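Presented below is the structure to which this report refers.
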Amino acid sequence: MSKREIVLNALFEKLSTLNVTVKRNDPLPQKIPEGGLVILRDGNVGEPEVLLSPPRYIFTHRAELEVVVQKVTSAERDQALDWLLIEIGEVLEADPTLEGKVDHMHADPPEFVDEQIDGGVTIKGAIVPIVLEYVSDSNLI
């Protein structure tokens, strides 16, 4: 398995400890589960920094979390999303190296979005960039 997949699987496993549905690279459904939904997107691996002799590739991989809730009122959506983001932050901060699979991991500030659903309850969400820094022996990861 590539270093990229090892890292993304470790992040997915960590996120799966949340008390919500967690998926990877799935499309956003019309109906969000009651507690909310987190979708891990693989994101962009970026151009690595190269160290020579022996060759090592230092990646700053930017994955993304789509964090969404669906509640009737604006206040309920705001509170549910806030609690879910706090829970995600606590889970990520508890293990910033993903058990040694990355050198460092951190979340950048979220970007918030509201999406009206025709004939349905509004979805509120946030896109949370997750920065994963790691070294690989291969440029192909």
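Residues: numbered from 1 along the sequence shown. Just so it is clear, the structure is predicted and the values come from calculations on it, not from any experiment.
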Go through the steps to decide whether Thr73 and Glu76 satisfy the test side-chain hydrogen bond (donor to acceptor under 3.5 Å, both in side chains), and finish with yes or no. CA-CA 5 Å; Thr73 69; Glu76 289 174 321; 3.2 Å; yes

Hey, are the side chains of Leu40 and Asn25 touching, using non-hydrogen atoms and a 4.5 Å cut-off? no

Minimum-distance pair of heavy atoms, taken over all atoms of Arg77 and Ile123: CD-C, 4.4 Å

So that I can tick it off, tell me whether Glu47 and Arg62 are bridged by a salt bridge, with the cut-off set at under 4.0 angstrom between side-chain N and carboxylate O. no

Which residues satisfy the side chain to side chain contact (heavy atoms under 4.5 Å, CB included) test with Ser53, sequence neighbours excluded? none

Do side-chain atoms of Glu90 reach the backbone of Glu87 as a donor and acceptor pair under 3.5 angstrom? no

So do the side chains of Val38 and Leu18 get within less than 4.5 Å of each other, counting heavy atoms only? yes

Could you tell me whether the side chain of Arg41 and the main chain of Asp26 form a donor-acceptor pair under 3.5 Å? yes

Heavy-atom check, side chain of Leu28 versus side chain of Leu37, under 4.5 Å: yes

Here the ring-ring contact (aromatic ring centres under 6.0 Å, His included) pairs for residues 12-42, sequence neighbours left out, are none

Tell me whether the guanidinium CZ or amine NZ of Lys101 lies under 6.0 angstrom from the six-membered ring centre of Tyr134 and within 45° of its axis. no

Between Leu140 and Val135, is there a shared hydrophobic cluster once you connect ILVMFWY residues whose side-chain heavy atoms come closer than 4.5 Å? no

Before giving the answer on side-chain contact (heavy atoms from CB on, under 4.5 Å), spell out for Lys71 and Thr122 the whole-Å C-alpha distance, their side-chain angles and the decisive distance to 0.1 Å. CA-CA 7 Å; Lys71 301 289 182 188; Thr122 299; over 6 Å; no

Any heavy-atom pair between the side chains of Met105 and Glu133 that's under 4.5 Å? no

Using the rule that two of Ile, Leu, Val, Met, Phe, Trp, Tyr join whenever any of their side-chain heavy atoms come within less than 4.5 Å, decide whether Ile88 and Trp83 are in one cluster. no

Report yes or no: does Gln70 contribute a side-chain atom to a donor-acceptor pair with the main-chain N or O of Val121 at less than 3.5 Å? yes

Hey, is Asp42 close enough to Arg4 for a salt bridge, meaning N to O under 4.0 Å? no

The test is side-chain contact (heavy atoms from CB on, under 4.5 Å); show your working for Leu81 and Val67 and say whether it passes. CA-CA 8 Å; Leu81 184 59; Val67 182; 3.7 Å; yes

For residues Tyr57 and Pro48, report the shortest heavy-atom separation together with the two atoms involved. CB-CB, 4.0 Å

Please say which of Val7, Ile6, Leu11 ends up in a side-chain contact (heavy atoms from CB on, under 4.5 Å) with Val102. Val7

Nearest heavy-atom contact between Val69 and Gly36 is CG1-CA, 4.2 Å

Would you check if Glu34 and Val20 make a side-chain contact, meaning some heavy-atom pair closer than 4.5 Å? no

Student check: side-chain heavy atoms of Leu15 and Leu92 closer than 4.5 Å: yes

So which heavy atom on Ala126 is nearest to which on Pro110, and how close? CB-CB, 3.9 Å

Just verifying a value: how many Å separate Arg56 CZ and Ser136 OG, rounded to the nearest 0.5 Å? 9.0 Å

For the residue pair Phe59 and Asn139, establish whether any side-chain heavy-atom pair is separated by less than 4.5 Å. yes

So do the side chains of Lys14 and Val91 get within less than 4.5 Å of each other, counting heavy atoms only? yes

Step by step, would you call Leu65 with Ile39 a side-chain contact (heavy atoms from CB on, under 4.5 Å)? CA-CA 6 Å; Leu65 300 182; Ile39 302 174; over 6 Å; no

Could you pull out the closest heavy-atom pair between Leu132 and Ala63, with the gap in Å? CD1-CB, 4.1 Å

Please determine whether side-chain contact (heavy atoms from CB on, under 4.5 Å) holds for the pair Asp78 and Lys124, giving the CA-CA distance in whole Å, both sets of side-chain angles, and the decisive distance to 0.1 Å. CA-CA 8 Å; Asp78 292 344; Lys124 180 165 183 144; 2.7 Å; yes

With His106, which residues qualify under side chain to side chain donor-acceptor pair (under 3.5 Å), at least two apart? Asp108

Can you tell me how far OG of Ser16 sits from CZ of Arg24, rounded to the nearest 0.5 angstrom? 11.0 Å

Roughly how far, to the nearest 0.5 Å, is CD of Glu13 from CG of Leu8? 12.0 Å

Contact summary for Leu84 and Gly35, nearest pair of heavy atoms: CD2-O, 4.4 Å

